[in-house]
Amino acid sequence: MTDAIIKTENLRFAYDAESRNVLDGIDLEIARGSFVAILGHNGSGKSTLAKTFNGILLPTEGRVLVNGSDTADPEKLIDVRRTVGMVFQNPDNQIVASVVEDDVAFAPENLGVAPAEIRARVDNALRRVGMYDFRLHAPHLLSGGQKQRVAIAGVLAMEPECIVMDEPTAMLDPIGRREVLEAVRSLRRGRGMTVVLITHHMEECVYADRLIVMSEGKIAMDGTPKEVFPRVEELLSLGLAAPETVALLHSLNARGFALPLDALSVNECADVIAKALGRREGSSLPGGKIQ
Amino acid sequence: MLKNITLGQYFPGDSVVHRLDPRTKLLWLAGYITALFLANNAWAYALMLAVLIGESAAASIRPKTLLSGMKPLMFIVVFTAVVNLFYGTGEPLLKIWVFTVTADGIRRSVFMVLRILLLVCGAFLLTYTTSPLALTDGLERLLGPLKKLRVPVSELAMMMSIALRFIPTLIEETDKIMNAQRSRGANFDTGKLTERAKALVPLLVPLFVGSFRRADELATAMECRCYVPGGNRTRMKVLKFARRDVLALALCAAMLAAVVLLRRV
Ligand SMILES: Nc1ncnc2c1ncn2[C@@H]1O[C@H](COP(=O)(O)OP(=O)(O)O)[C@@H](O)[C@H]1O
Ligand SMILES: [Mg+2]
């Protein structure tokens, strides 16, 4: 039995009684300390699933347990929210205060933490995302990546055990994306925070321990990135594309190669291709020699 | 063009005025406004002007910044000036059709304009030197006794601080939409009033729709961070009265007394 921080049992959810189930029977365990990426085409129910993890949405059927507490139990709700923090796509719409440090203080203030302790948590959270020097700035004057890091700090100040991020980089430019991903990676170092990352970008999933692909409110694929990404045709049928390295190897295979598809980084991919070419170099095929 | 609206904006700083307790500053503003309405002669207005200049110097806010904040209100100021001009009694100095201008009218007009300018500048000095959070915290504490009458003071204070937080964001968004509509040929700046009003429709619709989505997302984000309306919140920055606050309030009382005395002059 694994130590699950979040567990869903036969989770079904519909936004209103007559409409179809947006989540349709999801059984899932998120292991404590793991890094889980969730992929899926638009409207597949990713955001809805995320919102059931901390009781923003309650299951229509089935249940969601956080550290064993049912999210539908009003007595446990604050505990659940404090355990599972959430970061959303648009940083502008999750920053509540006009000064960075005041915003980061919002969650601990809500939890009734003592002033000196709040100060310590705020400074610590801002340092962890590299925004300490901006603590007195006005959020609306920051870049997208900086705002999103403030939003992450705002959740960290709550001292959650798990952070769920719903497409945190979707509205950012490449620099902002890199900043946010770097912040996520540093969360994983040290304390081993559980991270659930919902994303559209395949490259962001490469470092995940586990990859879940959603489709029509169900879990369509589930495994390590090296297990999931090589299933290129299946991904395509779910409206997703494989990472470019895998796609390249796949189309080389369509031209007669027989390469393994689990090379996710550019380096791994280059190794695979070089090795294959090396073999052909050794063979007696004419014109196979490449300098 | 909208970028220069400084309504409710906060300029971080470290002056004496910045460091005053927000409650002191709110009481000061209340005292200043009361004094403005008590003022009834040139001496009293001169005193009020001097107080404002002194206050902005103490806050290291340049008069130019204060006056530039007045720009969006210029229409109201001019309108008030013109209307008051014709309201005087006594010997007419000038007659235009059915309107008469008297010395009394000119006096009224000047005082009224001064009153509006000083009032708005006084309020601006408060928001320029006080972070919205401190401001709403102060207001919440001052209005605290009303909680006994079931007035949701904390929730109202939270709404106000969020409104202040979103002013710059909404201004930015308005600018963006205006530019997008301009690039499709919309004209907000010239033409007949009806035409300009019509051009505002494609501006306001996306702005409203956007605001509702924003409010919805913000509410969810606040819930995720354990906000419970009416819950017992603590504060990172606890408000504390210092010696300078006592001093400032004493000065405020002195100003009120002086204005009351000047009424007899
Ligand atoms: N607030 C809502 N009310 C009604 N339907 C919604 C709401 N939010 C999302 N949906 C619907 O639920 C489905 C899943 O949406 P969502 O969870 O946002 O998917 P994803 O995040 O994977 O794009 C979509 O068909 C969407 O139209
Ligand atoms: Mg989504």
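Each chain gets a letter, A, B and so on, in the order the sequences are listed, and its residues count up from 1.
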Q: Could you check A:Phe106 against B:Arg233 for side-chain contact (heavy atoms from CB on, under 4.5 Å), going step by step and ending with a plain yes or no?
A: CA-CA 9 Å; A:Phe106 183 69; B:Arg233 306 186 70 231; 3.3 Å; yes

**Q.** Verdict with supporting geometry, B:Val228 and A:Asn110, side-chain contact (heavy atoms from CB on, under 4.5 Å)
**A.** CA-CA 7 Å; B:Val228 181; A:Asn110 291 335; over 6 Å; no

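With hydrogens and angles ignored, the 3.5 Å screen pairs no side-chain donor or acceptor of B:Thr234 with any backbone N or O of A:Ala114. Between the side chain of A:Asn54 and the main chain of B:Cys224, no donor-acceptor pair closer than 3.5 Å is present.
Environment of CZ in A:Arg127: crowded, with over 12 heavy atoms of neighbouring residues, nucleotides or ligands closer than 6.0 Å. The number of heavy atoms from other shown groups lying within 6.0 Å of CG (B:Leu146) is above 12. B:Asn179 CG: more than 12 foreign heavy atoms inside a 6.0 Å radius.
Of the two parts of A:Pro108, only the backbone, made up of N, CA, C and O, holds a non-hydrogen atom closer than 4.5 Å to a non-hydrogen atom of chain B. Contacts between B:Thr220 and chain A at a heavy-atom distance below 4.5 Å involve backbone atoms as well as side-chain atoms. Interface remark: A:Ile95 contributes backbone and side-chain atoms alike to the contact with chain B (heavy atom separation under 4.5 Å). Of the atoms belonging to A:Asp92, heavy atoms from both backbone and side chain fall under 4.5 Å from chain B. When heavy atoms are compared at a cutoff of 4.5 Å, A:Ile78 approaches chain B by way of both its backbone and its side chain. For a residue to count as touching a neighbouring chain, one of its non-hydrogen atoms must lie under 4.5 Å from one of that chain's; by this rule A:Phe88 touches chain B with the side chain only. With a 4.5 Å cut-off on non-hydrogen atoms, A:Val122 touches chain B through its side chain but not through its backbone. The parts of A:Glu101 that come within reach of chain B are both its backbone and its side chain, each placing non-hydrogen atoms under 4.5 angstrom from that chain. Of the two parts of A:Val164, neither the backbone nor the side chain holds a non-hydrogen atom closer than 4.5 Å to a non-hydrogen atom of chain B.
Contacts classified as side chain to side chain donor-acceptor pair (under 3.5 Å) and involving residues 141-150 of chain B (residues at least two apart or in different chains) are given here: B:Lys147-B:Ser154.
Comparing A:Ala107, A:Ala105, A:Gly85 by heavy-atom pairs within less than 4.5 Å of chain B, the highest count is held by A:Ala107. Of the residues considered (B:Arg213, B:Met222, B:Arg214), B:Arg214 shows the highest number of contacts with chain A, using heavy-atom pairs under 4.5 Å. When the candidates B:Glu223, B:Arg165, B:Lys237 are compared by the number of heavy-atom contacts under 4.5 Å with chain A, B:Arg165 comes out ahead.
A 4.5 Å side-chain heavy-atom check between B:Arg225 and A:Asp103 finds at least one atom pair inside the cut-off.
For B:Met236 against A:Asp102, the heavy-atom pair with the smallest separation is CE-OD1, 4.0 Å.
For the atom pair CD (A:Glu109) and CG (B:Leu133), the distance works out to 6.5 Å, reported to the nearest 0.5 Å. With values rounded to the nearest 0.5 angstrom, B:Glu217 atom CD is found 8.5 Å from A:Gln94 atom CD.
Residue A:Ser98 forms a side-chain contact (heavy atoms from CB on, under 4.5 Å) with just one option from B:Pro168, B:Pro132, B:Ser161, and that option is B:Pro132.
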